[in-house]
K.L.:
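This is the structure I want to talk about, given as structure tokens.
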Amino acid sequence: MEPLRELAKEKLKDKKVIAIMSAKGGVGKSVISALISLSLPSDVTLIDLDIHTMAIAKLFGVENVPLEVSKEGIEPVKIRNVNLISLAGIVRDRYVILPGRNQSNVMKELIAYSSIKGKYVVFDLPPGLGDEILVLEELSDFKPIVVTTPSKVSLKVVKYLLDYLNERKKKALVVVNMSYFTCNDQRVNLFGNYNGDVNLPIDPNL
Amino acid sequence: MEPLRELAKEKLKDKKVIAIMSAKGGVGKSVISALISLSLPSDVTLIDLDIHTMAIAKLFGVENVPLEVSKEGIEPVKIRNVNLISLAGIVRDRYVILPGRNQSNVMKELIAYSSIKGKYVVFDLPPGLGDEILVLEELSDFKPIVVTTPSKVSLKVVKYLLDYLNERKKKALVVVNMSYFTCNDQRVNLFGNYNGDVNLPIDPNL
Amino acid sequence: MHEWSIAYSVVKTLTENFNKKISKVTLVIPLFSFLDIEILKEAFNELKKENPIVENAELEVKIQEPTFRCRNCNREFKFSDIQQQVGEVKNSYGEEYPLHLMPELLPAFIKCPYCGSHDIEAIGQEIYIEKVEEYGAVERVS
Amino acid sequence: MHEWSIAYSVVKTLTENFNKKISKVTLVIPLFSFLDIEILKEAFNELKKENPIVENAELEVKIQEPTFRCRNCNREFKFSDIQQQVGEVKNSYGEEYPLHLMPELLPAFIKCPYCGSHDIEAIGQEIYIEKVEEYGAVERVS
Ligand SMILES: Nc1ncnc2c1ncn2[C@@H]1O[C@H](COP(=O)(O)OP(=O)(O)O)[C@@H](O)[C@H]1O
Ligand SMILES: Nc1ncnc2c1ncn2[C@@H]1O[C@H](COP(=O)(O)OP(=O)(O)O)[C@@H](O)[C@H]1O
Ligand SMILES: [Mg+2]
Ligand SMILES: [Mg+2]
Ligand SMILES: [Mg+2]
Ligand SMILES: [Mg+2]
Ligand code: NI
Ligand code: NI
Ligand SMILES: [Zn+2]
Ligand SMILES: [Zn+2]
């Protein structure tokens, strides 16, 4: 009997869960997770499951904000409508090197022991096809948003992820990020050519 | 007593081992692994430890070449001076979804059961600060090459990796990839500003 | 304060998995999370009021001392061998320190006393319910 | 052919860890890797000639049938419950199929028969040396 697992499931029950994923790294998952969260119409909890890079706290400029703990759990950092839960607040400014066998329980601990507010939960996933997906499948019925760049390597890897999601009967929204760059009113396809459900340009002001 | 571990160590003994790493994804580790391998003066074995994306086989255009097995082990695919060892040849064209607890042994199996040729071994690592580094430390005295882009998130995450490598008394060469783009003879810093030991531009013809 | 989350996880686990009223539950926790047993019991006694299945349940807490094994050099060691490291982490962070909140983070903070690797496996670091007694029966649960 | 690599790993492990001549070694392998025992022994008898410590060693092979547990729905199952899946993977790839070469890849290819998840834990899938007998002594090694 696993109290950790039961509590993590309980925390996600009755929530609308969205997972921003891609097996490939550096495609813009964290950037898109932040943008989607900020654009939701009500309070949202954004959970950074990329336990090694913890990029979201940096994107929001809160990586040195120490956490508080209440009777409800680890309290998130609030930025506008976004309640951010990140390992960055727990470990503060230092590396997290972790064997694979600990990963899924660290993710469960982050979910179970945090105070999750609002109706929406957005998960920013690390690259890979591993524990992050398996844990989310165990704990909730999430909606997947798959992010890719137009490069052939990234598209191939995303195809693997979509194959897997189809097998698990999950329909994904595909976002193609960094699909083009506007250079002197001319469109340059730096990383290749592909069309998704949503296509985003390269923005140097990001 | 672990025959797998002993054989993996044996395979890397007396080799010059180079590990291309970054805790962040999409910074160009696979591209740089390929370039470094092709530029070495003699035969090299290039091992793709990114078990989820298997990008190297795609970069070299050999993802559908089936493997052969000899008495010496799983035979690599030869491209010029590069002997490529990749999970892609073993699983062929399909996804690899794997719990974290299996990762380190899959990596050890890939190293132990392959025929490793030449004096140099180059490892292309996945993003993260986990099993890939811990396994390499267990099995060999490798030279680290750390890859980053100039973005602040990537630099922060690379700092964590450099902190860890310093703690383990390993001096890393830092490669800053996609450091600039030449647009009508003008240098555009799409992803920020930073100088490493080596600085590489964005090349749309890659 | 984290003790309240642990107590809540126990209450939730019991109410999700049992139909009969429970008289006693035995919870095992690892030594290095330094949970405050008094606060844990106080929180449990408060939270158990929410559900008839557990409203009369007594909480017994056992503290388990894990053993450790380095997957780099294969040596085994005890908590006493890393006690100083744990103390330094505690002093650095304060009461709600990372291993208090998330025991599975142990390898991120603790190095093998012999070779310095973070590839440490702890046997017995999980928080689990060892035993549940229902009114009128004894049930052993793993 | 992969059997040669397994035999080589046994020879290397013994020569790295023992000083006395070895009379017998017991190797445990998982059922689903379908290693050919005859080829394995033939390879061992050839490769053992390289080192005096093992040149007279006999290889005993035990086939272990792992048990499985799904970490998604928590059910346990046996090899017979996944035998058809394993057969399909074998037919798809041929003799040197992925689980023959790399048993740790099992979760990538096999799904829980109850809920379809790949989060499967196999207990007893590792290839290990269970026992080594030296001339003049009996030694049990884990
Ligand atoms: N549309 C975009 N235009 C410009 N830069 C982008 C864009 N999307 C992402 N980036 C940059 O690319 C890098 C990788 O983005 P990130 O969201 O961290 O990817 P992932 O989470 O997939 O690893 C970051 O430096 C980020 O600022
Ligand atoms: N210098 C460069 N110029 C243009 N594109 C690049 C450059 N380096 C890498 N890329 C592209 O960026 C993407 C990520 O590169 P990759 O080597 O796969 O990164 P990683 O291995 O770190 O995930 C790929 O599509 C690759 O083709
Ligand atoms: Mg990433
Ligand atoms: Mg990210
Ligand atoms: Mg990558
Ligand atoms: Mg790569
Ligand atoms: Ni506390
Ligand atoms: Ni074979
Ligand atoms: Zn050690
Ligand atoms: Zn199942």
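The analysis underlying the following values was restricted to heavy atoms, covering all of them including side chains, and did not include hydrogens, waters or symmetry mates. Residue numbering restarts at 1 for every chain, and letters A, B, ... go by the order of the sequence lines.
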K.L.:
Which heavy atom of B/Glu2 sits nearest a heavy atom of D/Thr13, and at what distance?
P.N.:
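Shortest heavy-atom separation between B/Glu2 and D/Thr13 comes out as O-OG1, 4.1 Å.
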
K.L.:
Can D/Glu126 and B/Asn105 be counted as having a side-chain donor-acceptor contact under 3.5 angstrom?
P.N.:
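Yes.
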
K.L.:
Can you tell me which portion of D/Ile120 sits under 4.5 Å from chain B's heavy atoms? Options are side chain, backbone, both or neither.
P.N.:
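Backbone only.
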
K.L.:
So which heavy atom on B/Tyr95 is nearest to which on D/Ala108, and how close?
P.N.:
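Closest approach of B/Tyr95 to D/Ala108: CE1-O, 4.3 Å.
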
K.L.:
If you measure from CE on D/Met102 to CG on B/Leu87, what distance do you get to the nearest 0.5 Å?
P.N.:
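One gets 5.0 Å once the value is rounded to the nearest 0.5 Å.
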
K.L.:
Could you grab the distance from atom NZ of B/Lys108 to atom CD of D/Glu104, nearest 0.5 Å is fine?
P.N.:
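Answer for the NZ-CD pair, B/Lys108 versus D/Glu104, is 9.5 Å.
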
K.L.:
Supply the atom-to-atom distance B/Glu10 CD to D/Lys12 NZ, rounded to the nearest 0.5 angstrom.
P.N.:
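B/Glu10 CD to D/Lys12 NZ: 4.0 Å, rounded to 0.5 Å.
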
K.L.:
Evaluate the side-chain proximity of D/Tyr8 to B/Glu72: yes if any heavy-atom separation is below 4.5 Å, no if none is.
P.N.:
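SC-SC contact between B/Glu72 and D/Tyr8 ruled out.
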
K.L.:
Is there a donor in the side chain of D/Glu121 and an acceptor in the side chain of B/Asn102, or the other way round, less than 3.5 Å apart?
P.N.:
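Short answer, no.
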
K.L.:
Does any part of the side chain of B/Leu4, heavy atoms only, come nearer than 4.5 Å to the side chain of D/Ile127, both counted from C-beta?
P.N.:
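No; the side chains remain at least 4.5 Å from each other.
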
K.L.:
Please report the interatomic distance OG(D/Ser92) to CZ(B/Arg92), rounded to the nearest 0.5 Å.
P.N.:
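These two atoms lie 7.0 Å from each other.
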
K.L.:
Under a 4.5 Å heavy-atom cut-off, does chain D meet the side chain of B/Arg94, its backbone, both or neither?
P.N.:
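Looking at B/Arg94, just its side chain touches chain D.
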
K.L.:
So, do B/Val91 and D/Tyr93 sit near enough that their side-chain heavy atoms are less than 4.5 Å apart?
P.N.:
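Contact flag for B/Val91/D/Tyr93 side chains = yes.
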
